[in-house]
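As structure tokens, the structure follows; a few thoughts come after it.
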Amino acid sequence: GGAVGGEDQAAVDRVIEKINAIPSPMKNDKDAQKKLTDARDAYDKLTETQKAIMPETYKKKLEDAEKEYNELVSAEVKEKIDAIGTECHG
């Protein structure tokens, strides 16, 4: 426990750098996907303390990028499915 050390802040700063590297608007390509995955993995490795000192704006940016990416992917998948002409009844 104890006070928030420079180590925690440094870990958070590294994640922030990765989050800032995510393209905005998000793109559906390998490079953008890698940056998003890197940022998410780095964020997930933070301790609870580190997550607590991460500014909300960056958490939101990461989540928004994931949402955008998922929408891009599902739009692409939908186009492919429409092109095939398969019908899926869920």
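None of these values were measured; they are calculated from a predicted model.
Closest approach of Val12 to Leu46, counting heavy atoms only: N-CD2, 4.3 Å. Looking at every heavy atom in both residues, Ala32 comes nearest to Asp29 through N-OD1, 2.7 Å.
With sequence neighbours left out, Lys35 forms a salt bridge (Lys or Arg N to Asp or Glu O under 4.0 Å) with Asp31. Every residue two or more places apart in sequence or in another chain was checked for a side-chain hydrogen bond (donor to acceptor under 3.5 Å, both in side chains) with Glu48, and none qualifies. Among residues two or more places apart in sequence or in another chain, the side-chain hydrogen bond (donor to acceptor under 3.5 Å, both in side chains) test is passed with Lys59 by Glu56. Scanning for side chain to side chain contact (heavy atoms under 4.5 Å, CB included) contacts around Glu68 gives Pro25, Met26, with sequence neighbours left out. In this view, Ala42 and Val15, Lys18 satisfy the side chain to side chain contact (heavy atoms under 4.5 Å, CB included) rule, not counting sequence neighbours. Not counting sequence neighbours, Asn20 has no partner by the side-chain hydrogen bond (donor to acceptor under 3.5 Å, both in side chains) test. Listed by chain and number, the residues in a side-chain hydrogen bond (donor to acceptor under 3.5 Å, both in side chains) with Lys51 amount to none (sequence neighbours excluded). Residues satisfying the salt bridge (Lys or Arg N to Asp or Glu O under 4.0 Å) criterion with Glu7, sequence neighbours excluded, are absent altogether. Listed by chain and number, the residues in a side chain to side chain contact (heavy atoms under 4.5 Å, CB included) with Thr37 are Gln33, Asp41 (sequence neighbours excluded). With sequence neighbours left out, Glu76 forms a salt bridge (Lys or Arg N to Asp or Glu O under 4.0 Å) with Lys80. Residues forming a salt bridge (Lys or Arg N to Asp or Glu O under 4.0 Å) with Lys67 (at least two apart in sequence, or on another chain): Asp64.
Interatomic distance, CD of Glu66 versus CD of Glu71, reported as 12.0 Å (0.5 Å rounding). Atoms CG and OH, from Asp13 and Tyr58 in turn, are 9.0 Å apart once rounded to the nearest 0.5 Å. To the nearest 0.5 angstrom, Leu62 atom CG is 4.5 Å from Arg40 atom CZ. To the nearest 0.5 Å, the span separating CE on Met54 from CD on Gln50 amounts to 9.0 Å. Atoms CG and OH, on Leu36 and Tyr69 in that order, are 7.5 Å from each other to the nearest 0.5 Å. Rounded to the nearest 0.5 angstrom, Ser24 OG and Ile19 CD1 are separated by 12.5 Å.
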